Q: 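Okay, handing you the structure first.
Predicted, not measured: the structure shown is a model, and the values here were computed from it.
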Amino acid sequence: MRFNLATKILIILAFGFQLNAQNDSIGQNKKKSKIPFLFDDERQYLGAMSLTYQNPMPYGDNFIGEGFEGKGGYNFKFQVYVFKNFFVGFSYGFSHFNNINTELLGSYTKSTLEEISGVLGYEFVPLPKVRLGVNASVFGNATLTNSIQSGYGNRDFGKLRNLGITFEYEFIRNLNVLLEYNWRKIKSEIEVPNELKSFFEEGTYNTLNIGLKFNFGNEAFVDKVFF
């Protein structure tokens, strides 16, 4: 009886260890197959540069929304990942517009809006090869150059605000296809009579950007410098 009891105990223990080993194996497989949303060490970078073509789309009851028609532009962005996928950066771009309402804006026919700002943002990695990002401008400035067919023009200045969302597809290592949507507002310094001030004090437009993003490095700035 003692032999049979010992045998039964050994069988139960062996069966228990086997189940535990299987559970550990399943747990490891789940851990390996889990897709991090906030960051992934294997997809970590030090920095990135992007170049996009942008299509400006005016809107709103203001001098840009009522008087401009978007004619294309470009944007260059440089960013450094400070910690995980949180980044700081610099953005430079310009948007071209046609004047479609000379009665409101004057006799000039074209305008070019230069956009310069610092950038703060974060990128999420919800799926393999996919990155989703949000960003906002800091210390943004805008310069609006107005011109007529003869080439003569004048300049207006303002403060730029930008909020953007991005979608990226990593089709090869370190190189992504980038799609970005931006909401932009210009707080202008245009001098006009008081009755026109509300119309010219702000200008609003969106941009749809498409281009390429090149990533470099494999550690965030904090990890590279302090660890």
Q: Compare all side-chain heavy atoms of F199 with those of L104 and state whether any distance is below 4.5 angstrom.
A: yes
Q: Is the shortest heavy-atom distance from the side chain of N75 to the side chain of S91 under 4.5 Å?
A: yes
Q: Answer yes or no: is there an ion pair linking E168 with K129, defined by an N-O contact shorter than 4.0 Å?
A: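 No, no charged N to carboxylate O under 4.0 Å.
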Q: Measure the shortest side-chain to side-chain distance between N215 and N176 over non-hydrogen atoms and say whether it is less than 4.5 angstrom.
A: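 Touching, per the 4.5 Å side-chain cut-off.
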Q: Scan the side chains in residues 53-66 for donor-acceptor partners under 3.5 Å anywhere in the protein, sequence neighbours excluded, and list what turns up.
A:
residue, atom, partner, partner atom, Å
Q54, OE1, R184, NH1, 3.3
Q54, OE1, N209, ND2, 3.0
Q54, NE2, F94, O, 3.3
Q54, NE2, S95, OG, 2.7
Q54, NE2, E115, OE1, 3.2
Y59, OH, W183, NE1, 2.3
N62, OD1, I64, N, 3.1
N62, OD1, G65, N, 2.8
N62, OD1, T204, N, 3.3
N62, ND2, T204, OG1, 2.8

Q: Distance-only, no hydrogens or angles: does the S117 side chain make a donor-acceptor pair with backbone N or O of S137 under 3.5 Å?
A: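 Answer holds: no.
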Q: If you group Ile, Leu, Val, Met, Phe, Trp and Tyr by side-chain heavy-atom gaps below 4.5 Å, do F214 and L178 land in one group?
A: no
Q: Enumerate, atom names and distances included, each donor-acceptor pair closer than 3.5 Å involving a side-chain atom of residues 80-87, sequence neighbours excluded.
A:
residue, atom, partner, partner atom, Å
Y81, OH, Q79, NE2, 3.1
Y81, OH, E123, OE1, 2.8
Y81, OH, E123, OE2, 3.2
Y81, OH, K213, NZ, 3.0
N85, ND2, L38, O, 3.2
N85, ND2, E123, O, 3.0

Q: Going only through I, L, V, M, F, W and Y residues with side-chain contacts under 4.5 Å, is there a path from L105 to I148?
A: yes
Q: How long is the straight-line distance from CZ of R43 back to CZ of R173, given to the nearest 0.5 Å?
A: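 Interatomic distance, R173 CZ to R43 CZ, rounded to 0.5 Å: 9.5 Å.
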Q: Flag the pair I116 / F90 as yes when at least one side-chain heavy-atom distance between them is below 4.5 Å, and no otherwise.
A: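 Touching, per the 4.5 Å side-chain cut-off.
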Q: Atom OG1 of T145 and atom CG of N154: how far apart are they, to the nearest 0.5 Å?
A: 8.5 Å
Q: Please determine if K77 and E180 form a salt bridge, counting it only when a charged side-chain N lies under 4.0 Å from a carboxylate O.
A: yes
Q: Quick check for you: to the nearest 0.5 Å, what is the distance between F157 atom CZ and E114 atom CD?
A: 9.5 Å
Q: Do you know the tightest heavy-atom contact between N99 and G106?
A: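 Result for this residue pair: ND2-O, 3.2 Å.
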Q: Kindly say whether I100 contributes a backbone atom to a donor-acceptor pair with the side chain of N98 at under 3.5 angstrom?
A: no
Q: Check for me, please, whether V130 and I172 land in the same ILVMFWY cluster - side-chain distances under 4.5 Å, paths through other members count.
A: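 Same cluster.
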Q: Tell me whether I186 is reachable from L163 by hopping between hydrophobic residues (I, L, V, M, F, W, Y) whose side-chain heavy atoms are closer than 4.5 Å.
A: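 No; tracing contacts between hydrophobic side chains, which count when under 4.5 Å, never links both residues.
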Q: Please work out whether the ring planes of F78 and F216 are parallel, tilted or perpendicular, with thresholds of 30° and 60°.
A: parallel
Q: State whether the number of non-hydrogen atoms from other residues, nucleotides or ligands found under 6.0 Å of E195 atom CD is greater than 12.
A: yes
Q: So which atom in E170 and which in R131 form the shortest heavy-atom distance, rounded to 0.1 Å?
A: OE2-CD, 2.9 Å
Q: Do L179 and L208 come close enough that some side-chain heavy atom pair is under 4.5 Å?
A: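 The answer is yes, as the side chains (C-beta and beyond) meet within the 4.5 Å cut-off.
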Q: Do E219 and Y45 pair up side chain to side chain, a donor and an acceptor below 3.5 Å, judged on atom types alone?
A: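 Absent: no donor and acceptor within the cut-off.
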Q: What are the two closest non-hydrogen atoms of Y108 and S147, and how far apart are they?
A: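 Heavy atoms of Y108 and S147 come nearest at CB-O, 3.4 Å.
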Q: Determine whether F76 and S50 satisfy the following criterion, side chain to side chain contact (heavy atoms under 4.5 Å, CB included), listing intermediate values before the conclusion.
A: CA-CA 6 Å; F76 169 80; S50 65; over 6 Å; no
Q: Check step by step if side-chain hydrogen bond (donor to acceptor under 3.5 Å, both in side chains) holds for N182 and N206.
A: CA-CA 5 Å; N182 297 284; N206 298 319; over 6 Å; no
Q: Under 4.5 Å between any side-chain heavy atoms of N135 and N162, yes or no?
A: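 Heavy-atom side-chain distance check passes, below 4.5 Å.
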Q: Within the 4.5 Å heavy-atom criterion, are E201 and E189 side-chain neighbours or not?
A: no
Q: With a 4.5 Å limit on heavy-atom distance, are the side chains of K187 and R161 in contact?
A: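 Result no, sub-4.5 Å side-chain heavy-atom pair not found.
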Q: So which heavy atom on Y205 is nearest to which on L160, and how close?
A: OH-CD1, 4.3 Å
Q: Go through the side-chain N and O atoms of K110 and N146 and say whether any donor and acceptor fall under 3.5 Å apart.
A: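 No donor-acceptor contact under 3.5 Å links the two side chains.
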Q: Same cluster for V177 and L175 if Ile/Leu/Val/Met/Phe/Trp/Tyr side chains link at under 4.5 Å?
A: yes
Q: For this output row, return yes or no: ring centroids of F37 and F124 closer than 6.0 angstrom.
A: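 Distance test on ring centres: under 6.0 Å, yes.
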